[in-house]
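In what follows, a single structure is set out as structure tokens and then discussed.
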Amino acid sequence: MENYVENAVEQFRKLLNEQIAREKKMESEKKYTDYSKLEKIVIGICSGDGIGPIISAESQRLLEFLLKDEIKAGKVELRIIEGLTIENRIAKNKAIPDDVLAEIKACNVILKAPTTTLKGGTLESANVAMRRELDLYANVRPVAVKELGIDWTFFRENTEGEYVLGSHGVEIPDTLAFDFKVTTNEGTKRIARAAFEYARNNGKTNVAIVTKANIMKKTDGKFSEICHKVAEDYPEITAEDWYIDIMTANLVNENIRSKFEVFVLPNLYGDIITDEAAQIQGGVGTAGSANIGDEYAMFEPIHGTAPRLIEQGRGEYANPTSMFKATEMMLRHIGFTKKAEKLCKALVFCTEVDKKVVIDESDNSATCKEFSDYLMQQIEN
Ligand code: IPM
Ligand code: MG
């Protein structure tokens with residue numbers, strides 16, 4: 001037992017020093033990409049696992065269609081990045097194999113299909129690794145249901161909290177397990193800044209700071225405190241403290257939910273509550289997710305690889321909507337606002353108005369490809 005304790009203390013010392021260094025680095029090293037100044041924008045496409053390759057092939061087709069002229073003129077390059085598969089990651093025993101990471105970093109922006117995240121073991125999630133390696137600190141997840149008056153934007157902290165040391169916990173066999181949660185000053189400042197800037201630039205007047213600071217006193221306490229400090233620079237915006245438990249109830253409380261606009265929250269709460277929010281919108285298959293950093297950005301669906309659909313041999317019926325929403329967010333981020341608008345309009349028309357080609361669980365469901373053809377026809381019209 002003594003040995004275990006000594007080893008754990010040693011491990012904790014190392015982790016602490018690494019995390020202090022990470023916070024300092026965040027403060028000092030800032031690299032920005034201005035997409036409007038790039039001669040060529042390189043979009044990397046990672047096709048992932050399970051239904052990933054199916055929905056990502058359709059997104060590639062959609063991008064080739066929407067950016068036809070830009071690709072021809074050499075202003076945009078679509079670069080397919082192989083190797084971010086669970087087989088390759090297990091073989092190399094790396095969340096993102098080195099050569100794959102180098103390819104990803106050579107792009108300006110990434111469109112990523114879902115990748116398998118293993119439960120337990122030590123192989124880290126590819127999402128988490130990519131968010132860390134590219135320093136994608138703001139996970140922005142919009143959810144809107146017009147007829148319910150819902151228009152929410154979640155700013156989930158994306159690089160720390162419960163996730164940053166999720167694969168570095170301590171275990172004393174047959175006795176206990178210990179995980180770590182980390183909240184840094186710089187890490188919190190930048191996500192708070194992103195949320196309040198978004199609110200200001202989009203005419204929003206309410207930002208909910210969602211934590212469990214009554215229990216997680218140090219980490220969430222810091223998160224809330226720093227968010228309030230940042231809020232001082234935005235006097236026109238009301239910053240409200242909420243606890244995550246009651247906020248999950250609020251989202252299904254029809255009497256009050258439409259008053260919420262922008263949410264800023266630590267990593268794990270953001271992960272959980274955005275699935276709930278997406279379900280209110282029609283399911284996780286309908287939601288896109290932007291992972292934004294100062295230098296890079298990565299866009300993905302919020303859902304997983306749908307292994308059950310693959311096991312049933314129904315992969316071709318995968319719904320690409322969330323991947324298309326991610327594509328729309330990416331187009332907006334890199335400056336193709338009009339094309340993003342076009343795509344957004346067509347998506348609304350196809351999924352909420354016309355609904356002639358629908359992917360569902362019935363025997364009459366359209367396939368992923370049929371739905372994509374239908375969508376592209378609407379864009380053309
Ligand atoms: C998400 C996912 C990921 C997360 C998983 C796949 C690691 O649930 O993007 O919300 O927990 O962040
Ligand atoms: Mg999630």
Side-chain angles (χ1 to χ4, degrees), residues 43-68 71 78-91 96 100 103-104 107 109-118 125-127 130 141 275 278-279 281-291 298-331 343-344 346-347 350-351 355-379:
I43 302 174
I45 302 179
C46 301
S47 55
D49 304 304
I51 60 166
I54 299 163
I55 59 176
S56 113
E58 296 308 322
S59 291
Q60 184 188 339
R61 206 153 66 85
L62 177 66
L63 280 173
E64 281 164 352
F65 172 70
L66 281 167
L67 299 170
K68 198 170 27 199
I71 293 172
L78 301 186
R79 199 175 283 174
I80 309 304
I81 298 173
E82 315 273 351
L84 196 68
T85 60
I86 187 66
E87 294 80 11
N88 193 34
R89 293 169 51 223
I90 290 177
I96 304 178
V100 180
E103 277 185 71
I104 288 173
C107 300
V109 66
I110 301 290
L111 184 63
K112 177 188 154 297
T115 42
T116 299
T117 301
L118 299 177
S125 144
N127 294 47
M130 202 184 296
R141 298 185 158 179
D275 269 18
Q279 190 60 38
Q281 178 181 256
V284 289
T286 66
S289 166
N291 298 265
M298 181 267 279
F299 298 80
E300 60 181 344
I302 83 162
H303 58 72
T305 57
R308 279 183 210 100
L309 209 60
I310 298 293
E311 271 160 32
Q312 292 160 4
R314 289 180 56 82
E316 67 188 300
Y317 293 96
N319 190 340
T321 306
S322 55
M323 193 76 182
F324 292 164
K325 289 244 174 95
T327 306
E328 180 206 321
M329 294 173 94
M330 181 188 77
L331 288 170
L343 171 56
C344 174
L347 271 170
C350 293
T351 58
K355 301 189 203 170
K356 285 226 177 71
V357 179
V358 176
I359 297 178
D360 55 22
E361 264 135 54
S362 78
D363 291 342
N364 299 326
S365 173
T367 63
C368 180
K369 182 166 182 313
E370 284 162 353
F371 177 80
S372 309
D373 286 339
Y374 165 60
L375 178 84
M376 282 187 257
Q377 272 158 23
Q378 303 315 316
I379 297 176

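Counting from 1, the numbers follow the sequence of the chain as shown.
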Side chain Arg89, main chain Thr116, donor-acceptor under 3.5 Å: yes
Test side-chain contact (heavy atoms from CB on, under 4.5 Å) applied to Asn127 and Lys112, step by step: CA-CA 9 Å; Asn127 294 47; Lys112 177 188 154 297; 3.3 Å; yes
Student check: side-chain heavy atoms of Pro320 and Ile359 closer than 4.5 Å: yes
Test item: Ile43 and Leu67 side chains (from C-beta on) under 4.5 Å apart, heavy atoms: yes
Check: Thr286 main-chain N/O paired with Lys325 side-chain donor or acceptor under 3.5 Å: yes
Validation row: Thr115, Glu300 side chains within 4.5 angstrom (heavy atoms): no
For Thr85 against Gly48, the heavy-atom pair lying closest together: CG2-O, 4.2 Å
4.5 Å side-chain heavy-atom contact, Glu87 and Asp49: yes
Pairing residues for Arg314 by the side-chain hydrogen bond (donor to acceptor under 3.5 Å, both in side chains) criterion, not counting sequence neighbours: none
Atom pair OG1 (Thr321) and CD (Glu58), whose distance is rounded to the nearest 0.5 Å: 11.5 Å
Heavy-atom neighbours of Glu361 CD exceed 12 at 6.0 Å: no
Ser372 OG to Gln60 CD distance, which is reported to the nearest 0.5 Å: 12.0 Å
Interatomic spacing from CG in Leu331 to CG in Leu66 - rounded to 0.5 Å: 6.0 Å
Closest non-hydrogen atom pair, Ile55 against Ala318: CG2-CB, 4.0 Å
Polar side chain donor-acceptor pair, Ser362 to Asn364, under 3.5 angstrom: no
side-chain contact (heavy atoms from CB on, under 4.5 Å) evaluation trace for Cys46 with Ile104: CA-CA 9 Å; Cys46 301; Ile104 288 173; 4.3 Å; yes
From Met298 atom CE to Leu111 atom CG, the distance as rounded to the nearest 0.5 Å: 9.5 Å
Side chain to side chain, Ser47 and Ile80, heavy atoms closer than 4.5 Å: no
Residue pair Pro301 / Ser322: nearest heavy atoms and the distance that separates them: CB-OG, 3.2 Å
4.5 Å side-chain heavy-atom contact, Glu103 and Glu82: no
Rounded distance [0.5 Å steps], CD1 in Ile86 versus OG1 in Thr305: 9.0 Å
Side-chain touch Ile51/His303, heavy atoms, less than 4.5 angstrom: yes
Ile302 to Ala278 - nearest heavy-atom pair and separation: CD1-CB, 3.6 Å
Ring pair (Phe, Tyr, Trp, His ring centres under 6.0 Å) partners for Phe371, two or more places apart: none
Closest heavy-atom pair and its distance - Ala126, Leu84: CB-CD1, 4.4 Å
Shortest non-hydrogen contact between Ala290 and Met329, atoms and distance: CB-CE, 3.7 Å
CA sep, side-chain torsions, deciding dist, call: Leu62, Ile379, side-chain contact (heavy atoms from CB on, under 4.5 Å): CA-CA 10 Å; Leu62 177 66; Ile379 297 176; 3.9 Å; yes
Nearest-0.5 Å distance, CG of residue Leu63 to OG1 of residue Thr327: 5.5 Å
Any side-chain heavy-atom pair of Cys368 and Glu316 under 4.5 Å: no
